[in-house]
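Note that the structure is a prediction, hence the values are computed from the model and not measured. Hydrogens, waters and symmetry mates are skipped; everything else that's a heavy atom, side chains included, is used.
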Amino acid sequence: MLYEKYYKNMAKQFVSEVLEMKHVGDSVAICKLSIPKDFYFKPGQYILVAAKDSKGRKISRNYSISSPKNNDFIELCVKKVEDGPVSNY
């Protein structure tokens with residue numbers, strides 16, 4: 001099947017490093033994240049990002065991957081939400 005390799009990522013968890021955070025407006029940033037070599041994706045695919053807030057609680061949000069496929073990183077377009085625990089991270 002053509003998209004078989006994309007389905008292998010379902011529910012795959014990994015730790016990522018923020019490689020770059022580029023602010024492209026007052027309330028929008030492009031977040032570039034590292035990915036493992038065996039992580040395949042296509043643009044527009046959703047990914048769940050989890051982090052800890054200032055009180056140590058785990059929080060998570062869904063983001064759409066905005067980078068072209070076949071990169072060794074992913075980029076997420078993040079809109080800042082007032083008092084948003086993830087977008088203000």
Side-chain angles (χ1 to χ4, degrees):
M1 178 175 219
L2 180 61
Y3 294 106
E4 181 178 306
K5 66 180 181 179
Y6 297 116
Y7 295 122
K8 290 180 182 178
N9 286 329
M10 296 182 109
K12 181 175 185 167
Q13 293 183 20
F14 59 88
V15 175
S16 185
E17 178 183 347
V18 176
L19 302 174
E20 182 181 0
M21 188 70 101
K22 182 177 11 174
H23 296 277
V24 294
D26 292 338
S27 62
V28 178
I30 303 295
C31 181
K32 185 176 181 179
L33 300 171
S34 64
I35 57 173
K37 292 187 185 298
D38 63 344
F39 182 76
Y40 302 98
F41 66 91
K42 59 183 180 176
Q45 177 180 332
Y46 279 84
I47 187 169
L48 181 68
V49 176
K52 291 190 178 179
D53 68 8
S54 60
K55 296 179 182 176
R57 296 176 297 199
K58 183 179 175 184
I59 50 175
S60 57
R61 297 290 184 272
N62 286 305
Y63 291 96
S64 178
I65 299 173
S66 60
S67 52
K69 64 181 180 178
N70 300 327
N71 284 335
D72 57 352
F73 59 85
I74 57 172
E75 290 178 323
L76 309 175
C77 184
V78 180
K79 182 175 184 202
K80 186 176 182 179
V81 175
E82 188 173 335
D83 299 323
V86 176
S87 66
N88 290 295
Y89 184 67

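- Within the model, atoms SG of Cys31 and CD of Glu20 stand 9.5 Å from one another, a figure rounded to the nearest 0.5 Å.
- Residue Val15 is not grouped with residue Leu48 when hydrophobic side chains (ILVMFWY) are merged at heavy-atom distances under 4.5 angstrom, including chains of intermediate members.
- No continuous path of hydrophobic side-chain contacts links Val24 to Phe73 [ILVMFWY only; heavy atoms under 4.5 Å].
- Ile65 and Ile30 sit in two unconnected hydrophobic clusters of ILVMFWY residues. Membership requires side-chain heavy atoms under 4.5 Å apart, directly or through other members.
- Residues Leu33 and Phe39 are members of one and the same hydrophobic cluster, defined by side-chain heavy-atom contacts under 4.5 angstrom among Ile, Leu, Val, Met, Phe, Trp and Tyr.
- Remark: side-chain polar atoms of Ser60 are not paired, donor with acceptor, to backbone N or O of Ala50 under 3.5 angstrom.
- Linking ILVMFWY side-chain heavy atoms closer than 4.5 Å, directly or via other members, places Val49 and Phe14 in a single hydrophobic cluster.
- Here the side chain of Ser34 pairs no donor or acceptor atom with the backbone of Ser16 at under 3.5 angstrom.
- Ser27 places no side-chain N or O within 3.5 Å of a backbone atom of Lys80 that could act as its donor or acceptor partner.
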* Asked: Ile47 and Phe41: side-chain contact (heavy atoms from CB on, under 4.5 Å), yes or no, with the steps?
  -> CA-CA 10 Å; Ile47 187 169; Phe41 66 91; over 6 Å; no

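- Between Lys22 atom NZ and Cys77 atom SG the span is 11.0 Å, to the nearest 0.5 Å.
- Of all heavy-atom pairs spanning Ala29 and Met21, the tightest one is CB-SD, 4.0 Å.
- Note that CG of Leu76 is 6.0 Å distant from OG of Ser66, once rounded to the nearest 0.5 Å.
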